[in-house]
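In what follows, a structure is listed as structure tokens, so that the remarks can point back to it.
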There are 2 protein chains.
Amino acid sequence: MNLKQLAQELNLSISSVSRALRDSKEISEKTKKLVLAKAKEHNYHANHFASNLRKQKSKTIAVVIPEIANNFFSSAINGAESFIQKKGFHVLIYQTHDDVQQEVAIAKHLQNGRVDGIMMSLTSHTSSIHHLKEIQHKNIPLVFFDRVPHNIEAPKITTNDYESALKATEHLIKNGATKIAILCISNILSITNNRKEGYEAALKNHQLKINKNYILTCDDSREANKQQIRKLLSSANRPNAIFACVEELAICSFEICQELGLKIPQDIKIISYSNLQTADILNPSLTTVTQPAYEIGKEAAAVLFKLIEATANEKIPNKEIVLKSQLFVRNSTKK
Amino acid sequence: MNLKQLAQELNLSISSVSRALRDSKEISEKTKKLVLAKAKEHNYHANHFASNLRKQKSKTIAVVIPEIANNFFSSAINGAESFIQKKGFHVLIYQTHDDVQQEVAIAKHLQNGRVDGIMMSLTSHTSSIHHLKEIQHKNIPLVFFDRVPHNIEAPKITTNDYESALKATEHLIKNGATKIAILCISNILSITNNRKEGYEAALKNHQLKINKNYILTCDDSREANKQQIRKLLSSANRPNAIFACVEELAICSFEICQELGLKIPQDIKIISYSNLQTADILNPSLTTVTQPAYEIGKEAAAVLFKLIEATANEKIPNKEIVLKSQLFVRNSTKK
DNA sequence: CTGTTAGCGCTTTCAG
DNA sequence: CTGAAAGCGCTAACAG
């Protein structure tokens, strides 16, 4: 069922029917009703591709993230969607699985014009930004969030990793920790660097030495990470606290502690960046620093729409918006 | 940059360029190379809408789920995507937020032909299936997973809720539970009914009476649910075990236990259906029954592609495929 | 208020 | 092997 057939049945021209369906004020109420009724009767829905081709816009936004089965990103999507939906747009989700090649492939694909805007969070290994520049050259509005590139001009929404890490580390120090290890992920990402810097600043502020052996850089291999942590926690000079940059590493640490018979928090305190909303309930010994995932997604979407709705002559500043993380200590926040 | 412009620059016809780009064997290797080089130079990408309009297919699949920020569904999407991507298709995700109206709106929207197939998991309140029938009438391949309707002919992928609930309840009984409560969600959903039936069967098998007061039907209001559980656990005849049909209800129970000073598992044992992969690590006192979320998504996608790839005369049976859940007891499964 | 018409950019016969 | 041309279904400028 298409416009042509509808028009024939109604003895109207295609354009009148089209206009009636789109509630144009050039059409009389009477015809509108007639058309609407017929359309409903035949369960007519305008072809998406034809109208998009004609209008050169799709009312859809692409969200590119490393992994969907990740509490942070799924919450961020939720925030983004809440905004996008209000605008009557749709969401197309692409996962890179933290693989640069896939990120590049997706970036190429998105140049075909199927979306009106793109929200992106990079893989841990993205260093070349050629594929991102290409998108910008095609004038497709582009906003980065969380895992953002530092060498490209574009709006970026991030959290204050530095400050949060500093607070988290200080929390450990205040609770008696003296030898604090940090578990990082890939150090290409700015989030890792910021978190590490916050950690180091906290140590300095409290006259604690930075011990290189206490700084672990982990990767995607769970077993290798556990081995590193095991070595650290079995060593003569083992730390009495751990700051995990991501939850996965905190969980690995839990397992190693159990393996080695170390008690939490007596023998060793653990604090973690976490986006598993229920983590603190499921495990009272885990103190967490929580990123406002939902808000980041929502804010990124809001900025993206500013770009989309901006007229050609208007210029939106490419500033970085920094949202605050929350230190979430179970004892002090629960009644 | 479009075909026309490319053709002009190359002194070729539009159709030749189009063919070359799609690697047609009607084109000489020489011209192909020329075309490919030019295309790359100009960073050309075929317009998605134009080619879809022409070909009447989009190589994209819609996945409709209640909520993305939910471990089960995000894992299911992951499984689906792994399959869909291999086929060179894309994924369009729609959230209903467990709202029937939104589900209907999405179903209507998807009739515009923007996707080649649909995977769907219903809201807890979907009872009318008119909007689902409409999709079928438009001959858009449709597959249901997890939250499936019982009164419509279509492929459905589910887990064996009955058997899993039975095993979970028996696990409690074997560990000394005699008064077992069940926390259900909306009883329109077949999953709830199956889980309840499994629970009841286990009780019968062990000569335990079914106590109506021990069967709670919860809804979307966290506070109301907690109030119900609080009442149950403060009552004179309080149960010594709980089987939670969803994790959220287990977490509520934890909180109430803490509030009332009940010890787990001494005073009360809790077992839960759970899809939070890390739940057992984060909380050793929680025994879980885990659905194979990833596999469900993957299987649903596989079945959907059978429908998509089936020729008109072929018929794919609309049978329900049941995947097995896993009982996940920390002590017995960890080394 | 309604109709005619010219494309949007691409694929695909059909004709050479 | 290459080109001309029709048309996917819709929208919007233009004409009445």
Side-chain angles (χ1 to χ4, degrees), chain A residues 1-36 38-39 42-60 88 108-116 138-140, chain B residues 1-36 38-39 42-60 88 108-116 138-140:
Chain A
M1 176 55 51
N2 58 19
L3 272 189
K4 199 172 170 185
Q5 292 171 46
L6 257 188
Q8 270 170 358
E9 283 207 30
L10 287 156
N11 275 326
L12 280 167
S13 73
I14 294 176
S15 51
S16 293
V17 177
S18 172
R19 277 189 276 245
L21 289 171
R22 319 184 58 254
D23 204 26
S24 157
K25 45 192 172 302
E26 299 184 84
I27 300 291
S28 73
E29 283 306 318
K30 202 172 59 179
T31 9
K32 268 188 200 168
K33 271 190 188 157
L34 245 51
V35 171
L36 252 33
K38 246 317 177 243
H42 288 289
N43 194 25
Y44 169 83
H45 293 269
N47 182 293
H48 190 250
F49 300 124
S51 66
N52 287 172
L53 174 59
R54 184 57 234 252
K55 292 190 294 191
Q56 300 287 24
K57 56 177 107 164
S58 60
K59 287 211 164 201
T60 109
K108 296 265 179 209
H109 172 76
L110 288 175
Q111 292 178 39
N112 68 11
R114 77 181 292 177
V115 294
D116 296 337
K138 295 245 168 173
N139 286 319
I140 303 172
Chain B
M1 176 56 51
N2 58 20
L3 272 188
K4 200 173 169 184
Q5 292 170 45
L6 257 188
Q8 270 170 0
E9 283 207 28
L10 286 157
N11 275 325
L12 279 169
S13 73
I14 294 176
S15 49
S16 293
V17 176
S18 172
R19 276 188 277 243
L21 290 171
R22 321 186 55 254
D23 203 25
S24 156
K25 43 190 173 302
E26 301 184 83
I27 301 290
S28 72
E29 282 306 317
K30 204 172 57 178
T31 5
K32 268 187 201 170
K33 271 190 188 156
L34 245 51
V35 172
L36 253 31
K38 247 315 177 244
H42 287 289
N43 195 23
Y44 169 84
H45 293 270
N47 182 292
H48 191 248
F49 300 124
S51 65
N52 286 171
L53 174 59
R54 182 60 231 251
K55 291 191 293 191
Q56 300 286 24
K57 57 176 107 161
S58 60
K59 287 212 166 201
T60 110
K108 295 267 182 209
H109 171 76
L110 288 175
Q111 292 177 41
N112 68 11
R114 79 181 290 177
V115 295
D116 296 337
K138 294 247 170 170
N139 286 318
I140 302 172

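Order of the sequence lines sets the chain letters (A, B, ...), proteins ahead of strands, with each chain counted from 1. What you see is a predicted model, and the numbers here were worked out from it, not measured in a lab.
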Query raised in the report: Do A:L3 and A:L21 come within less than 4.5 Å of each other through their side chains, counting heavy atoms only?
Result: yes
Query raised in the report: How long is the gap from CZ on B:F49 to CD on A:Q56, to the nearest 0.5 Å?
Result: 9.0 Å
Report summary line: Across all chains, not counting sequence neighbours, the side-chain hydrogen bond (donor to acceptor under 3.5 Å, both in side chains) partners of B:D23 are B:K32
Query raised in the report: CD of B:Q111 to CG of A:N43: how many Å apart, nearest 0.5 Å?
Result: 4.5 Å
Query raised in the report: Hey, is the side chain of B:S13 poking within less than 4.0 Å of OP1 or OP2 on D:dG3, counting only N and O atoms?
Result: yes
Report task. Just jot down the side-chain contact (heavy atoms from CB on, under 4.5 Å) partners of A:Q5, sequence neighbours excluded, or say none. Result -> A:M1, A:N2
Report task. Kindly say whether B:R114 contributes a backbone atom to a donor-acceptor pair with the side chain of B:S58 at under 3.5 angstrom? Result -> yes
Query - Between P of C:dC8 and CG of B:N52, the distance in whole Å - result: 18 Å
Report summary line: Going 5' to 3' through nucleotides 6-16 of chain D and flagging B where a protein heavy-atom sits under 4.0 Å of the base, S where only the sugar-phosphate is that close, and - otherwise, we get BBBBBBBB---
Query raised in the report: OP1 or OP2 of C:dT2 sitting under 4.0 Å from any side-chain N/O of A:T31?
Result: yes
Requested in this report: Using whole Å, report how far CZ of A:R114 lies from C1' of C:dC10.
Outcome: 16 Å
Report task. Take atom NZ of B:K25 and atom C1' of D:dT2, then tell me their distance rounded to the nearest Å. Result -> 16 Å
